[in-house]
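Note on naming: letters A, B, ... go to the chains in the order of the sequence lines (proteins, then strands), and numbering restarts at 1 for each one.
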2 protein chains.
Amino acid sequence: MKRDRQETEQRLLIATGQVLARDGFRKVGVNSIAKQAGVDKVLIYRYFDGLDGLVKRYAAQGDFWPGIDELLGEELIGNKAQAFRSYPLPEQVARVFENYIDAIRSRPLTLEILAWEMVERNELTAHLETIRENLGQQLISLIDPGELSDPELFAGVTALMSASIHYLATRARHIRIYNGINLREEAGWDQIKRALRHLALSSI
Amino acid sequence: MKRDRQETEQRLLIATGQVLARDGFRKVGVNSIAKQAGVDKVLIYRYFDGLDGLVKRYAAQGDFWPGIDELLGEELIGNKAQAFRSYPLPEQVARVFENYIDAIRSRPLTLEILAWEMVERNELTAHLETIRENLGQQLISLIDPGELSDPELFAGVTALMSASIHYLATRARHIRIYNGINLREEAGWDQIKRALRHLALSSI
DNA sequence: GCATATTGTCACCACCTGGTGACAATATGC
DNA sequence: GCATATTGTCACCAGGTGGTGACAATATGC
């Protein structure tokens with residue numbers, strides 16, 4: 001084996017993601033990651049000061065979350081933010097959350113971390129919390145303050161919407177039907193998007 | 001030790017709930033439950049055919065879920081269903097979900113199982129799924145079919161509402177603030193209830 | 001060149017997990 | 001009474017976990 005600390009650190013970071021994606025967060029541990037990386041586990045303690053440090057570094061370098069561009073809609077090119085602002089607010093909200101659904105559902109690793117969050121708080125989930133918070137702030141900053149007559153109500157409504165998406169997307173990994181809706185078929189998700197859009201347009 | 005199979009089985013069932021409530025589902029195992037019950041673990045295999053069988057029996061005898069009365073509102077006595085039906089549908093929905101929030105938040109064991117569901121499917125979570133399904137059907141049966149112009153939309157909206165409640169209530173065990181809302185204070189939950197009521201009244 | 005620090009390998013530890021076979025203690029059927 | 005079945009105790013197994021100390025192999029500084 002070559003003696004190259006940087007490369008071994010990289011291998012461990014990559015292996016972390018591989019184990020997380022392949023076996024789930026419950027299998028994430030020094031033994032499995034070291035085995036996956038083809039490296040001795042003692043190096044995790046030397047280079048990252050333990051599993052927590054490794055996970056923290058992994059969180060800092062990976063991107064498991066959609067950027068604002070993805071949420072505004074891929075069809076908008078050029079100055080997205082400005083074009084987006086031309087929509088009425090309810091339409092903006094509907095679009096953002098429709099895109100949010102697609103963004104989260106297409107990221108198995110993100111779904112895994114969302115499930116992890118429900119059970120435990122660690123370096124990775126904590127990191128995701130701040131990312132999410134920043135993204136929320138960015139989105140709110142796009143809104144003309146004059147349009148928000150009741151910010152507290154708006155925060156409540158958007159909290160409910162994002163929460164429901166997190167739940168349904170994560171839950172879809174273990175169940176087929178929720179409230180009569182098929183979470184394993186695109187038709188089911190279209191039904192959810194339609195309801196979401198209806199809520200946005202009628203309530204904001 | 002007395003030789004009484006029935007009592008031993010009871011002790012194991014009780015111990016299952018105790019371990020689940022005190023240490024969380026990740027600690028639920030033959031060793032911890034047997035120790036909690038003060039009984040040898042081999043009896044779990046003999047009497048319940050393993051941990052799965054024990055959990056299944058535990059699921060069948062415990063009640064971790066609100067009944068329909070609790071969701072309709074405790075203030076209604078006598079013929080609840082009939083009194084409840086006198087409300088307009090949007091008001092019915094708002095009330096049910098407000099009560100649902102209180103019902104779930106007040107049951108730590110239920111919150112633990114909701115978190116468990118996000119990670120794994122087992123005898124207990126499967127049992128809870130059917131309970132929940134039945135409850136949903138009961139609630140829908142209270143609605144005059146003529147009032148539902150778009151049942152698919154209604155299913156989507158109520159799915160989003162219940163999903164968001166499950167998520168936020170479970171998530172509150174690990175984080176304080178979600179989307180600027182304090183999940184550890186009653187004021188935060190009042191804000192959520194207000195948003196939920198707003199959605200119900202404006203969209204149904 | 002050589003001493004020193006870094007990188008990697010390996011064996012080992014204590015502890016916990018699910019699971020089982022052997023055996024003692026008690027109850028039951030006749 | 002006695003043979004049999006049931007209940008409970010205990011010791012043990014293989015395999016997994018996180019964590020560490022000892023040592024060899026290589027690179028670096030002078």
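Ion pairing between B:Arg176 and A:Glu129 fails under the 4.0 Å rule for side-chain N and carboxylate O. Electrostatic pairing of A:Arg107 and A:Glu112 does not count as a salt bridge here, judged by no charged N lying under 4.0 Å from a carboxylate O. The pair A:Asp102-A:Lys193 meets the salt-bridge criterion, since a charged nitrogen lies less than 4.0 angstrom from a carboxylate oxygen. Ion pairing of B:Arg85 with B:Glu147 is absent here, as no side-chain N (NZ or NE/NH1/NH2) approaches a carboxylate O to less than 4.0 Å.
The pairing partner recorded for C:dC23 is D:dG8, the criterion being a Watson-Crick or G-U wobble arrangement whose two distances lie under 3.5 angstrom. Shown here, D:dT28 forms a base pair with C:dA3; the pair counts as Watson-Crick or G-U wobble because both key distances fall under 3.5 Å. As the counterpart of C:dG18, D:dC13 is assigned, both hydrogen-bonding distances of the Watson-Crick or G-U wobble pattern falling under 3.5 Å.
With rounding to whole Å, A:Leu54 atom CG is found 12 Å from D:dG18 atom P. Rounded to whole Å, atom P of C:dT17 lies 17 Å from atom CG of B:Asp52. Taking atom CZ on B:Arg11 and atom C1' on D:dG8, their separation rounds to 12 Å, with Å as the unit. Rounded to an integer number of Å, the gap from B:Asp4 CG to C:dA27 C1' is 12 Å. Here D:dG18 presents its P atom at 14 Å from CG of A:Asn122, a figure rounded to the nearest Å.
In the set C:dT9, D:dG8, D:dC10, D:dC10 carries the atom at the smallest distance from any side-chain atom of B:Asp40. Looking at the side chain of B:Leu43, the nearest of the listed nucleotides D:dT9, C:dA27, C:dT7 is D:dT9. Comparing D:dT9, C:dG8, C:dT6 against the side chain of B:Val42 picks out D:dT9 as the nearest. Picking from D:dG8, D:dA22, C:dG18 the nucleotide with the shortest atom distance to the side chain of B:Lys41 gives C:dG18. For A:Tyr45, the listed nucleotide lying nearest its side chain is D:dG19; candidates were D:dG19, C:dT20, D:dT7.
Close to C:dG8, at under 4.0 Å from its OP1 or OP2, lies a side-chain N or O of A:Tyr47. A sub-4.0 Å separation between OP1 or OP2 of D:dT7 and a side-chain N or O of B:Thr8 is absent.
For DNA chain D, no neighbouring residue in residues 26-37 of chain B is found when judged by any heavy atom under 4.0 Å.
A cation-pi arrangement is found for B:Arg95 relative to B:Tyr87, the charged atom lying closer than 6.0 Å to the ring centre and inside a 45° cone about the ring normal.
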Query raised in the report: Stepwise, does the ring pair (Phe, Tyr, Trp, His ring centres under 6.0 Å) test hold for A:His166 with A:Tyr100?
Result: CA-CA 10 Å; A:His166 294 165; A:Tyr100 194 49; 5.6 Å; yes
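Across the interface with DNA chain C, nearest-nucleotide mapping of B:Arg46 and B:Leu51 shows B:Leu51 to be the residue nearer the 5′ end.
Within 3.5 Å, a donor on the side chain of B:Arg3 pairs with an acceptor on the base of D:dT6, or the reverse.
For B:Tyr178, the ring-ring contact (aromatic ring centres under 6.0 Å, His included) partners are B:Tyr167, not counting sequence neighbours.
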